[in-house]
Each structure stands twice: as structure tokens, then as C-alpha cells.
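In what follows, chains are A, B, ... by sequence order, proteins preceding strands, each numbered from 1.
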Amino acid sequence: MTDESYVKIKDVLNGYHKDKEVKMRGWIHRTRSGGKIVFMVIRDATGTLQATVKKGNLPDEEFEDAKKALVESSLILKGTIAEDNRAPGGYELRVDHCNILQFAEVFPIVEDQSPEFLMDKRHLWIRSQKLNAVFKIRSTVVGAIHSFFRTNGFYEFDAPVLQPNQCEGGSTLFEVKYYENKTYLSQTWQLYAEAAIFSLEKIYNVGPTFRAEKSKTSRHLSEFWMAEMEAAWLNLHDLTEIAKDEVKYILKEVLKHNQNELETLNQDIEKLTHIANNSFPTISYDEALSILKDKENMNVEWGKDLRTIEEAKLMNHFDTPIIVTHYPLEIMAFYKPADPDRPDTALCFDMLAPDGYGEIVGGSERSTDLEYMKNRLREQGENIENYDWYFDLRRFGSVPHGGYGLGVERLVSWICKLENIKDAIPFPRTLTRFSP
RNA sequence: GCCGUCCUAGCUCAGUUGGUGGAGCACUCGGCUGUUAACCGAGCGGUCGCCGGUUCGAGUCCGGCGGACGGCGCCA
């Protein structure tokens with residue numbers, strides 16, 4: 001698949017090619033030159049390595065090329081790997097052939113960068129060590145989601161991205177011209193998933209979700225990836241336990257495969273390991289309100305959703321993610337059923353991450369009561385006719401079922417300790433930015 | 001929708017009471033055979049976001065507009 005005659009930097013740093021003559025290829029990450037010596041830090045997908053180019057050890061014209069090549073020039077090098085404690089990482093390549101594939105123009109990103117500038121140059125900034133590490137972890141996270149559900153008997157099931165109706169709240173849809181009509185970008189996979197469980201029973205999906213919310217915060221994207229599951233015969237307790245298992249499994253996979261990346265990002269590996277190996281508590285909305293009142297002196301009126309600040313204060317008292325169940329029914333979407341034992345609350349839950357990363361999972365049992373759902377939709381001013389096919393699901397062999405959605409970027413942000421969710425996705429789309 | 005901060009060289013920023021716009025980095029040239037965000041010397045580099053106003057004179061004061069970023073609400 002790849003040319004094995006070229007060695008990777010990670011292997012060099014692990015000592016595999018010591019004193020060997022090797023071929024390497026990559027890009028110039030940093031370069032500084034003396035009169036007759038050039039120090040280049042070269043970069044490939046696996047890491048960075050110092051290469052020393054000394055005049056006399058290679059043809060003169062190749063030395064001159066090495067001297068004038070700017071940052072991000074692509075190149076092929078031949079030379080010997082030497083252990084040398086003067087080199088960062090302890091190893092360096094002593095070059096005897098330098099072939100510059102393309103002399104890069106002046107790279108616009110230098111030492112001082114503002115977030116806005118880096119966002120404008122996102123197509124170049126994704127080469128940075130930080131984003132390289134984040135996207136390696138993101139790859140592990142998404143891979144872990146697939147393997148978690150597949151090994152637990154779930155089928156991957158895909159829903160259309162273009163959807164004629166909405167699921168929750170009307171004002172947050174992206175409208176799309178669809179021939180002579182209009183349709184909307186997917187806000188959730190859920191309604192289609194609810195149709196599919198009558199065939200496959202246990203399903204999941206990872207895919208893009210679009211919300212035209214006018215949220216300008218470090219936790220919101222207009223286009224983000226949601227990992228959703230839906231299954232027949234599950235109750236609220238089952239759902240919360242699966243969600244906990246899933247998040248712990250993802251964490252363990254990241255800890256297994258991405259130690260270097262977590263270090264690059266200055267994440268606390270011990271803390272994450274502790275979280276991955278401990279149980280996540282489940283509390284009710286009522287208990288959350290008590291904690292806020294008793295320990296934070298914050299009075300939240302019963303019936304109000306927990307706001308960002310309240311979630312953060314609540315999480316001061318936990319060092320793992322927690323599940324909060326039984327939010328007030330009134331503020332919940334039409335498909336969430338009331339708890340028969342506590343009819344003013346819904347059979348729903350959120351998972352909150354520590355350290356202010358907020359809601360990473362949201363889910364619920366789904367109502368099987370057709371009239372109840374119709375009434376809730378009418379109260380919210382929705383046109384019931386749009387949901388006719390969905391209501392069919394309650395007319396033909398309806399069963400108890402439920403599901404949840406996990407925000408991939410929210411999870412990645414927390415695991416990578418990112419300041420802004422925009423760095424958890426390669427090319428972020430927000431209220432004000434849809435380019436590059 | 002509401003609130004706040006910011007906008008000066010390619011980048012990051014300084015700019016005093018209103019009086020001929022600066023630094024560092026990047027880049028170019030010169031020097032240096034072990035640098036670690038290399039260093040030393042020189043050079044190149046400007047529609048001070050836009051429009052209007054006050055003033056002899058505006059980067060600076062006033063008004064409007066635009067853009068970016070963040071917070072709240074809402075959500076994953």
C-alpha cells in the first residue's frame with residue numbers, strides 16, 4: 001500500500017533505525033541554517049525529527065537547495081540515523097542526499113497567531129502538531145463508537161440528510177432548495193431510527209447534523225457530528241447504562257492508542273484513566289437542584305432547564321461525567337414520555353462532562369402514546385400532518401424503545417481539553433464562518 | 001434575540017495631551033560547522049476596518065456602518 005523503503009519518524013524516535021542508512025520523506029517544519037550546516041526539523045504524519053545537512057556530505061547544489069528551502073517545502077532525504085542528545089527527541093537524520101520536491105512559498109503562519117487568522121488559514125493550520133493530535137484522537141473516538149455498537153449487536157443504519165420535517169424546535173433548520181420544493185438538512189437521525197428499530201431492533205449511526213442555532217459560544221457548531229443509537233425494548237435505565245459504557249469504552253480506546261497525542265495536548269492522562277475506570281453516577285434533576293441549593297447556594301426554580309453556569313457548578317461536585325435524569329416534562333420535546341410515577345417529569349437524561357464541557361449526551365425513552373404526542377405538537381404550534389408517517393410507527397406493533405445522541409465534537413473537546421469546540425472538527429461551520 | 005471585547009506592516013502588538021506611524025517575528029542580503037521559537041548586522045514592508053463629523057491638523061476625539069471573537073439564552 002505504501003512504499004516501505006521510506007521510514008517513518010515515529011519509528012526513528014523509537015530507535016528502530018539507529019545507525020542505518022534510510023530514506024525519509026515529508027515536509028520542513030522548522031529550518032535554521034549556519035554557514036555550512038542546516039538544521040531542519042522535518043515532519044511526517046507520525047512526528048517530527050531533526051535532520052542535519054552539512055556541506056561536503058552531499059552534492060553542493062543539494063546543500064544550497066537545503067539552505068534556501070522554506071518552511072513547509074516537501075522533500076525526500078537520504079542519510080544515516082544517529083543517536084545524538086543534542087537533537088530534540090534524541091535522534092537525528094544525518095543527510096547525504098536532499099531532494100526538494102517543491103520549494104514552498106512563504107508560509108503565512110508564523111509564531112504569533114490569532115484564532116481568527118488560524119481559522120482563515122485552516123487548510124494550512126491542520127498541519128499543526130496540535131490539530132494533528134486532535135484529529136488522530138477524533139479518528140480513534142469515531143472508530144471506537146463503531147466498534148462499541150457493532151460488538152454489542154447494533155446495526156449501522158443510515159438516514160437521509162435531506163429531511164422534510166423537523167424534530168425539535170422549528171427555527172433551527174437549514175433550508176435547502178429541492179427541485180421545485182424545499183427541504184431541510186438533518187437535525188437528527190432519530191425519527192428515521194425509530195422507524196428502523198421495528199426491523200433491526202438495535203441500530204446506531206455516526207453522521208453530520210445541522211443546527212441553525214444563533215449560538216456564538218466555544219461549545220457550538222452549526223454542522224457537527226452526532227453519534228446516535230436507538231433500540232427497541234429499552235427503558236431509561238438501560239439507556240443510561242449503555243451511554244456510560246460507551247463513553248468509558250471510547251476513553252479506554254483513546255488511552256490505549258493516543259498516549260503521545262494526549263501528551264502533545266497537555267491532557268492529564270492519569271485523570272482520564274481514573275475516569276475510564278470508575279462508575280459514573282446517575283442523579284435526578286431534583287437531586288441536581290438540591291446540590292445546587294445546598295452546596296452552591298444557587299436557587300433554580302423547578303421547571304427551568306439547567307443553564308450552562310448551573311451545569312458547571314453542579315460538576316464541581318463530581319470528577320467523572322454524570323447522568324442527570326427526569327427533567328421537567330414541560331421543557332422537553334414532544335416525543336419524550338412522562339414518568340408514570342412522576343408525571344411532571346420525563347423519562348429522559350443528559351450526560352454532563354466535567355470541567356465545564358457540558359452536555360455530551362442527550363436521550364430518552366420515546367412516547368408510545370399517539371394522542372399525547374399530537375397534543376404536545378399542537379401546543380408547540382406544529383403541523384401534525386408532517387408527522388403522519390412517524391405516527392404510523394405507533395399504529396403498527398408499537399413497542400417501548402429509546403435512544404440517545406452523543407456530540408462527537410463535545411466529547412473530543414473534553415478528551416483533548418480544547419478551549420474551543422472548533423478545533424475538534426477539521427473545517428468548522430459556525431454562525432459566521434463557512435469557509436474554507 | 002440580548003450583552004461585552006477587539007479591528008494599526010504578511011503575522012503578533014505598542015502608539016503618551018490631537019502635531020511627519022514604531023517594535024518583534026516572517027521574508028531578502030551578508031556573517032557563522034551543533035542549532036534547539038538559533039544568533040549578529042543591514043534591508044524590504046502601511047488605504048491605521050469603512051463612511052462622515054469636530055479641528056489649522058485625527059491612528060488618537062465624536063457619530064454611523066461593517067467584520068471578527070467571546071458570554072447569555074437554546075442545544076450535542
Indicate whether the side chain of A:Lys136 and that of A:Asn132 have a donor and an acceptor atom separated by less than 3.5 Å. yes
Distance criterion of 3.5 Å, no angle test: do you see the side chain of A:Glu92 paired donor-to-acceptor with the base of B:rG34? yes
State whether A:Arg32 places a side-chain N or O below 4.0 Å from either non-bridging phosphate oxygen (OP1 or OP2) of B:rA26. no
Tell me whether the side-chain N/O atoms of A:Lys422 come closer than 4.0 Å to OP1 or OP2 in B:rG70. yes
Taking the cut-offs as 6.0 angstrom to the six-membered ring centre and 45 degrees off its axis, would you call A:Lys68 and A:Phe103 a cation-pi pair? yes
Watson-Crick or G-U wobble partner for B:rG46, using a 3.5 Å limit on both distances? none
Could a donor-acceptor pair under 3.5 angstrom be found where the side chain of A:Gln50 meets the base of B:rU35? yes
I'd like to know if A:Glu64 and A:Lys67 make a salt bridge, using a cut-off of under 4.0 Å between side-chain N and carboxylate O. no
Checking N1-N3 plus N6-O4 or O6-N4 for Watson-Crick, or N1-O2 and O6-N3 for wobble, each under 3.5 Å, the partner of B:rG70 is B:rC3
Salt-bridge contact A:Glu310-A:Lys304 (side-chain N to carboxylate O under 4.0 Å): no
Classify the angle between the aromatic ring planes of A:Phe210 and A:Phe174 as parallel (below 30°), tilted (30 to 60°) or perpendicular (above 60°). perpendicular
A:Phe224 over B:rA76, stacked by centroid distance under 5.5 Å, angle under 30°: yes
In the strands shown, is B:rG24 matched to any nucleotide by a Watson-Crick or G-U wobble pair with both distances under 3.5 Å, and which? B:rC11
Answer yes or no: does a side-chain N or O of A:Thr209 lie under 4.0 Å from OP1 or OP2 of B:rA76? no
5'-most by nearest nucleotide on RNA chain B - A:Glu311 or A:Thr430: A:Thr430
Residue-phosphate contact under 4.0 Å: A:Thr52 side-chain N/O, B:rU35 OP1/OP2: no
Are OP1 or OP2 of B:rC75 and a side-chain N or O of A:Arg307 less than 4.0 angstrom apart? no
Applying a 3.5 Å limit to both distances, which nucleotide forms a Watson-Crick or G-U wobble pair with B:rG34? none
B:rG71 base to A:Thr308 side chain: any donor-acceptor pair below 3.5 Å? no
Check this one for me: any side-chain N or O of A:Lys216 less than 4.0 Å away from OP1 or OP2 of B:rG70? no
Distance-only donor-acceptor test (3.5 Å): side chain A:Ser215, base B:rC75: no
